[in-house]
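Contents: one structure, followed by commentary.
This one's a predicted model, so the numbers in the text were calculated from it and none came from an experiment. In what follows, chains are A, B, ... by sequence order, proteins preceding strands, each numbered from 1. Values below: every heavy atom of this structure, side chains too, minus hydrogens, waters and symmetry copies.
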Amino acid sequence: MRDEAADEQLMEHYRDGDAGAFDALYHRHKGGLYRYLFRQCKDKGVAEELFQDVWSNIIRSRERYQPSAKFTTFLYQVAHNRLVDYIRQRPELALSLDAENEDSDSLAESIPAAPGTQPEVLLERKRLIEIMVEQIDALPALQREAFLLREEAGLSLEEIALVTSVTPETAKSRLRYAVAKLRESLGGLV
Amino acid sequence: MSQNREFEKYLQGKSGLTQLYADLPKIELPDHLDAAILAEAHRAVGARPGAKPKRRWAIPLSMVATLFLAVMIALQFPSLLKDAASPQQYKEEKIAALMDGNMAERSASESEQSKVVQKQAREKFEISRDEPATMPGETGAPARKNAPVFAAAKESEADENKYIGTTSVVAFPPVASPSPAPARAGERAAMPPESRESAGIASGMALSKEKKSSGKAAASVSDSLERQAPAVMMTAPKPVQLKRDLVQSVTVDENLPPDEWLVRIKRLKQEGKLDEARKELAAFIKRYPDHPVPIALEIK
């Protein structure tokens, strides 16, 4: 029954003292949040530290929680802010807007169209996954964040914009460039 | 433009990119991190891991139960609402109830008081029975002390009889002494006149009310009773009718024929017991006002 409850209900139950609701909520989101943090900071120890900080923040702010927005948005907003704080303390990891390619048209022209079902894709799936992991790491930080928020948290463009404190158009642009680059790196096989 | 179409497909979840990302090797979280975070969460709400959650329905349920109870009380006791509507009537009823309660309480209290008096009198009477009527060197004192107590015991019994509604003193069973008269009769001979008089009072209580005596003798005996048993007199109310009975019983046998009575008075006069003779003569004149009295019996 608890597994079917919405995130917002679980968080409200936890706010009202139901520790079991937090357990369900945690197990539902721990994997995606941890991968989001790990792929962003690219360090397992740092990711664990940030991961614990994020959940501690959620626990402390339970009394102020209002289910006006999705819990996922709330959770990743906290994670984004914590990540930004961490990166600010380390200039070498600073998010670079310069890496973002604004020339969408030229990029779009360079990515080939999906060739459809190809047996080679299935055979080379393992190799593609390895390439994708490398390309995700190679993405500019903001584009990677938008892509991870979309893939790990399942956020919409509006929610990504809300989490990252940008306009929906900016969020859409970042996500579109991230997808185009990945497709390009994968040779149009996906 | 094809990029836009691919991006729309990606947003709709129809792109192979999402499928490929889902196949990425999962990065597992360390168990100790799970345990630490869950412990912190449970500590924050004051619950142990695995503890049952709070009953969220408890407060609404209690409110509903309270409301239900209030409605039931209002339905079951409409008189309460009526009393609230007319406080003056309620006040009058309350006062009447209190007065009834006071009456019952007072009756119970008086009954209890009379029982206590009776108990005290019995105890004193038992003591008086155990003691000899005359002690060496004390000719009349013990008897004087004992006799009024016995009289008081009888009197308290009479009081109780009056309060509980029995018919008369004589009808009440002699609780203090099963047969005081024979014992007194034996003792009378050893008693001085005053003691004999007091013993006569006690035994006279058991006699009928038809016996009469002079007013002076009655008053003196009554005073003697009040002096010698003040404690009992104070606690037990003293009915007038009983006192009259006692007074009447002070005199000698009034059923004596006139001639025998006159002979007795004459003998008393000859023995020098002028006071007794005078009292007997007064009682005789009262008893037989038309009977001629010899001049020789007149006592100055």
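At least one side-chain heavy atom of B:Y10 sits less than 4.5 Å from a side-chain heavy atom of A:R150. Taking the side chain as every heavy atom from C-beta outward, B:F7 and A:K172 approach each other to under 4.5 Å. Side chains of A:E151 and B:L17 form no contact here, defined as non-hydrogen atoms less than 4.5 Å apart. Contact of the A:M132 side chain with the B:D23 side chain is not registered, since no non-hydrogen atoms from C-beta on lie closer than 4.5 Å. With a 4.5 Å cut-off on side-chain heavy atoms, A:I136 and B:L24 count as touching. In this structure, A:V179 and B:E6 have side chains that are not in contact, with every pair of non-hydrogen atoms separated by 4.5 Å or more. Within the 4.5 Å cutoff, the side chain of A:L186 has heavy atoms near those of the B:L20 side chain. Two residues are said to be in side-chain contact when any heavy atoms from C-beta on lie closer than 4.5 Å; A:S56 and B:I37 fail this criterion.
The minimum heavy-atom distance between B:A44 and A:I59, with the atom names listed, is CB-CG2, 3.5 Å. When every heavy atom of B:P25 is checked against every heavy atom of A:I129, the shortest pair comes out as CD-CG2, 3.8 Å.
The closest donor-acceptor contact from the side chain of B:Y21 to the backbone of A:F147 lies at 3.5 Å or more, if one exists at all.
Taking CG of A:L157 as the reference point, atom CG of B:L11 lies at 5.0 Å (rounded to 0.5 Å). Here CD of A:Q52 is found 6.5 Å from CD of B:E40. Values are rounded to the nearest 0.5 Å. In this structure, CZ on A:F51 lies 5.5 Å from CG on B:L33, to the nearest 0.5 angstrom.
Sparse packing is recorded around NZ of A:K44, with 12 or fewer heavy atoms of other residues, nucleotides or ligands lying under 6.0 Å away.
Neither the backbone nor the side chain of A:R15 comes within contact range of chain B, judged by heavy atoms closer than 4.5 Å. Neither the backbone nor the side chain of A:L37 comes within contact range of chain B, judged by heavy atoms closer than 4.5 Å.
Residues B:D34 and A:H27 bring no donor and acceptor atom of their side chains to less than 3.5 Å of each other.
If you tally non-hydrogen atom pairs under 4.5 Å between each of A:E130, A:R60, A:R39 and chain B, the highest count goes to A:R39. Options A:Y26, A:F22, A:W55 differ in how many heavy-atom pairs under 4.5 Å they form with chain B, and the most are formed by A:Y26.
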Inset, instruction - Tell me, with the steps shown, if B:E28 and A:Y34 meet side chain to side chain donor-acceptor pair (under 3.5 Å). - result: CA-CA 8 Å; B:E28 294 301 328; A:Y34 180 69; over 6 Å; no
